[in-house]
Amino acid sequence: MDQVTKVETERKAASVRRVFDIYDWVGTAIFSLVLIVAIFTFAFRIVGVDGTSMCDTLQDQDRLVLTSSYYYTPARGDIVVINRYTQDPLIKRIIAVEGDKLEITAAGRVIVNDKELTENYIRGGKDSATIQKSFTTAQVVPKGCVFVMGDNRDNSHDSRDADIAFIKTENIVGHAVFRLFPFDKIGKL
C-alpha cells in the first residue's frame, strides 16, 4: 500500500470515529436530560416560598427541595406543599393527620388527641396565641385528610379557615426537606 492510500484510509477512519464520538456525546446528553427530568418529576421538586405565613421557619423567597408525594405518608410536624389547583399552592405544617382529634382552645392552644402540642417553631415561641378563625370546635380529622397551619399563626391562611379546612392527602404535592436558598440558611428542614 502506498503512502497516499494509507494516509487517506487513516483520514477516513478518523472521520468515522468523530461521527461515532458525536453520536455517543449526543446520546449521553439526551440520556442525562431525560434522567434529570425524571428525577425532578418523580422524586424531587424545587419550590419558592411566597409570603410570610411560615415565618420564622421559612422566609419569603426561600427556595426549598420537596420530595415527591408518590411514596410519602403525611406525619405531624412535616412541612408540605398543597396544590389548590385554581389558586396558589400553600406551604404549611401538618398539625394533625387522619383520625386525630383536634381542638383549638379559646386561649389559642392546639390540642391533638387530648395533648397540647409543643410548638417551638411558631412565630413568637410556644407562648404565642393561635387565632381560632373559623375552626371553633373539637373535630376528628377525616380519613385521607390532614389539618395544616402556618408557623406565623397571626398571618396564615390555613385549615382554620372554612375555605381551606381539611386538606385531602392526594392534594399534597410534596414534603419540604431541604432549604437551598438563601445560602446562609442552607440545610435540612
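Just so you know, residue 1 is the first one in the sequence shown, and it goes up from there. Computed from a prediction, not measured in an experiment: that's the story for all the values here.
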Value rounded to 0.5 Å, distance of OH in Tyr23 from OG1 in Thr28:
14.5 Å
Go through Val49 and Leu64 one step at a time and tell me if the side-chain contact (heavy atoms from CB on, under 4.5 Å) criterion holds.
CA-CA 8 Å; Val49 176; Leu64 311 175; 3.8 Å; yes
All heavy atoms of Pro74 vs all of Ile172, minimum pair found to be CG-CD1, 3.9 Å
For the hydrophobic clusters of this structure (ILVMFWY residues joined by side-chain heavy atoms under 4.5 Å, transitively), does one cluster hold both Val26 and Val34?
yes
Step by step, work out the side-chain contact (heavy atoms from CB on, under 4.5 Å) result for Val173 and Arg45.
CA-CA 9 Å; Val173 174; Arg45 290 185 183 186; 3.0 Å; yes
d(Asp56 CG, Ile122 CD1) to nearest 0.5 Å is 10.5 Å
Are Ile82 and Phe147 in one and the same hydrophobic cluster, where Ile, Leu, Val, Met, Phe, Trp and Tyr link if side-chain heavy atoms are under 4.5 Å apart?
no
What do the steps show when you test Arg93 against Thr57 for side-chain contact (heavy atoms from CB on, under 4.5 Å), and what is the final call?
CA-CA 10 Å; Arg93 186 179 300 274; Thr57 305; 3.5 Å; yes
Donor-acceptor pair between Asn83 and Asn171 side chains, under 3.5 angstrom
no
Once you round to the nearest 0.5 Å, how far does CG of Leu102 lie from CG of Leu117?
8.0 Å
Report yes if some heavy atom in the side chain of Met149 is under 4.5 Å from a heavy atom in the side chain of Ser156; otherwise report no.
no
Can you confirm whether the side chains of Tyr72 and Asp78 place a donor and an acceptor under 3.5 Å from each other?
yes
Answer with yes or no whether the hydrophobic clustering places Val47 together with Val65; edges join I, L, V, M, F, W, Y residues whose side-chain heavy atoms lie under 4.5 Å apart.
no
Is the closest side-chain heavy-atom distance between Asp100 and Arg76 below 4.5 Å?
yes
Group every Ile, Leu, Val, Met, Phe, Trp and Tyr by side-chain heavy-atom contacts under 4.5 Å, then state whether Phe31 and Trp25 land in the same group.
no
Give the intermediate values and the outcome of side-chain contact (heavy atoms from CB on, under 4.5 Å) for residues Val112 and Lys101.
CA-CA 6 Å; Val112 176; Lys101 178 183 169 192; over 6 Å; no
When you compare the side chain of Ile164 with that of His157, does any pair of heavy atoms fall below 4.5 Å?
yes
Answer with yes or no whether the hydrophobic clustering places Val177 together with Ile91; edges join I, L, V, M, F, W, Y residues whose side-chain heavy atoms lie under 4.5 Å apart.
no
Test item: Arg179 and Arg63 side chains (from C-beta on) under 4.5 Å apart, heavy atoms
no
Would you confirm whether Asp158, through its side chain, and Gly150, through its main-chain N or O, come within 3.5 Å as a donor-acceptor pair?
yes
Is Asp60 atom CG crowded by more than 12 heavy atoms from other residues, nucleotides or ligands, each under 6.0 Å away?
yes
Side chains of Glu119 and Ile95: closer than 4.5 Å at any heavy-atom pair?
yes
Gln61 versus Phe181, closest heavy-atom pair with distance
O-CD2, 3.8 Å
When every non-hydrogen atom of Ser159 is compared with those of Ala165, the smallest separation belongs to OG-O, 2.6 Å
Between Ile79 and Ile94, is any pair of side-chain heavy atoms under 4.5 Å apart?
no
Point-to-point distance, once rounded to the nearest 0.5 Å, from CG of Asp62 to CG of Leu180:
10.0 Å
Please give me the minimum heavy-atom distance between Lys92 and Ser53, naming the atom from each residue.
NZ-OG, 2.8 Å
Let me confirm one number: the CD-CD distance from Glu116 to Glu103, rounded to the nearest 0.5 Å.
10.5 Å
Reported CZ-to-SG distance for the pair Arg153 and Cys55, which is rounded to 0.5 angstrom:
13.5 Å
Is any side-chain heavy atom of Phe166 closer than 4.5 Å to one of Glu98?
no
So, Thr52 versus Asn155: side-chain donor-acceptor pair below 3.5 Å or not?
yes
Is any side-chain heavy atom of Leu58 closer than 4.5 Å to one of Asp151?
no
